[in-house]
Each structure stands twice: as C-alpha cells, then as structure tokens.
Amino acid sequence: MSARGLVEVADPEFDRPVFRQSGFDGIHTAKEMDEKISASLKKTREAKSISRADLAHLLGLSVSVYSRYERGSEARMSVPRLIHLCEIMGFMPLDMIFDTAPHLWGKTPEEAEDRLTLMKLIEGLPPDTMRDLIRLLKRMTPGEQAAEAVAPNMREGR
C-alpha cells in the first residue's frame, strides 16, 4: 500500500476505512468528488448549449432525475449512464475523471496537464498516424515498460 502512496482514511460515505492516494490538494471525500463530477457535468452541458430538459430526454430520464446528477449530493451516475452521456455530449470519460482526480495523470499538476494534452492530441490523429506514433513510442520506451503498455489488441496487430 505504501509503495503505491495509499493512506488509510475515514470517509463518511463508507462504513470502514478506505485507502486513498493524496491528490495535489489533499485527499477528497467521496462527497467532494461527487461535487466535482457534478460541476463538470453542468459545465460541459452548458458549454454545449444543451438544456437540462433536452439532455434528460436524450438520456431517457426525467429532468428531476438528471438534475440530481448535476447537484451531486442526491444521485450517483452509473458507468453505463456515463458512457451514454459521453456518446450524447461528445466527451471522453477521462475528461470528467481528470477534472476530479488529476493526480492520477502525473506527480505534479504540470505533468498531469501535459499527459491530458498529449491524450487529447492523440485522440484527434488519423488511424494511420496513430499507428505510426505507437511504433515510434514503442521504440523510444525501455523494453519491459513498452511491452506492458501495449494493449492486447495491438499485440495481435489490430
């Protein structure tokens, strides 16, 4: 646990202590993470100029149920619902996770931002360019680390 930087914390959401990694500004409770996710949902929806009513309709929800997601304290979104939301809104789940826990992307805020920027640049590449970049990065990465990073479908040549 200590090798991964995990510390035991008490969170009112859980009956037992949990082990968490400290973020750039400390360890957030589940409630605080819910609030960040909710703020991200609202910000993304408003940036796309979609009303709550229209988005709720597209998700197959009532406006009151969707509104609970944006308030964060009353309802938690399931992963399948998040995927559906990403399909409708055109964002990647990692965007929301990054807003909530950027420390998962790097040891410093700058490193985390650089990784997110790199991921976004890669997302926009044409498939052939992406494959070329993968080959280049594999040549630049030390042997064992490169082998671990390669997805199973890439090993099979897909």
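Sequence positions, counted from 1, serve as the residue numbers for this chain. Just so you know, these numbers come straight off a predicted model, no measurement behind them.
The environment of D15 atom CG is sparse: at most 12 non-hydrogen atoms of other residues, nucleotides or ligands sit within 6.0 angstrom.
Every pair tested for ring pair (Phe, Tyr, Trp, His ring centres under 6.0 Å) that includes a residue from residues 10-35 fails, sequence neighbours excluded, so the list is empty. Legend: salt bridge (charged side-chain N to carboxylate O under 4.0 Å, His left out) pairs involving residues 80-91, not counting sequence neighbours: none detected.
Checked against salt bridge (Lys or Arg N to Asp or Glu O under 4.0 Å), D132 has the following partners two or more places apart in sequence or in another chain: R135. In terms of the side chain to side chain donor-acceptor pair (under 3.5 Å) criterion, residue partners of D128 (sequence neighbours excluded) are, by chain and number, R131. The side chain to side chain donor-acceptor pair (under 3.5 Å) test applied to S64 returns S62, not counting sequence neighbours. The side chain to side chain donor-acceptor pair (under 3.5 Å) search around R76 returns E13, D34, not counting sequence neighbours. With sequence neighbours left out, the salt bridge (Lys or Arg N to Asp or Glu O under 4.0 Å) criterion links K36 to no other residue. Take K42 and apply the side chain to side chain donor-acceptor pair (under 3.5 Å) test, not counting sequence neighbours, and it matches no residue. By the salt bridge (Lys or Arg N to Asp or Glu O under 4.0 Å) test, R20 pairs with no residue at all, sequence neighbours left out. With sequence neighbours excluded, no residue forms a salt bridge (Lys or Arg N to Asp or Glu O under 4.0 Å) with R16.
The hydrophobic cluster containing V18 does not contain M33, counting ILVMFWY residues as joined when their side-chain heavy atoms lie under 4.5 angstrom apart, directly or transitively. Hydrophobic clustering (ILVMFWY, side-chain heavy atoms < 4.5 Å, transitive): M92 and M89 are in distinct clusters.
In summary, K120 and D95 engage in a salt bridge, as defined by a charged side-chain N under 4.0 Å from a carboxylate O.
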Distance-only donor-acceptor pairs under 3.5 Å for side chains of residues 96-106, two or more places apart:
| from | atom 1 | to | atom 2 | distance (Å) |
| --- | --- | --- | --- | --- |
| D99 | OD2 | S40 | OG | 3.1 |
| T100 | OG1 | M96 | O | 3.0 |

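The line from CD of E35 to CZ of R71 is 13.0 Å long, rounded to the nearest 0.5 Å. Atom CD1 in I83 sits 11.5 Å away from atom CE in M77 (nearest 0.5 Å). Of the inter-residue distances, the one linking I27 atom CD1 with L6 atom CG reads 9.0 Å to the nearest 0.5 angstrom. Atoms CG and OG1, from L136 and T141 in turn, are 8.5 Å apart once rounded to the nearest 0.5 Å. Here OH of Y66 is found 7.0 Å from CG of L59. Values are rounded to the nearest 0.5 Å. Distance check: I50 CD1 to H57 NE2 gives 12.0 Å after rounding to the nearest 0.5 Å.
Counting only distance, with no hydrogens or angles, the side chain of E32 and the backbone of T29 share a donor-acceptor pair below 3.5 Å.
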Item to check | Pair I37-Y69, side chain to side chain contact (heavy atoms under 4.5 Å, CB included): steps then yes or no | outcome: CA-CA 9 Å; I37 290 168; Y69 291 145; over 6 Å; no

Checklist entry - Should L55 and L61 be marked as a side chain to side chain contact (heavy atoms under 4.5 Å, CB included) after you check the CA-CA gap, both sets of side-chain angles, and the distance that decides it? => result CA-CA 8 Å; L55 185 54; L61 300 171; over 6 Å; no

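Closest approach of R52 to S67, counting heavy atoms only: CD-OG, 3.5 Å.
A donor-acceptor pair shorter than 3.5 Å can be found between the side chains of S51 and D54.
Hydrophobic cluster membership of V63, counting Ile, Leu, Val, Met, Phe, Trp and Tyr whose side-chain heavy atoms lie under 4.5 Å apart directly or via other members: none, as it forms a cluster of its own.
Using a 4.5 Å cut-off on side-chain heavy atoms (C-beta onward), M119 and L94 make contact.
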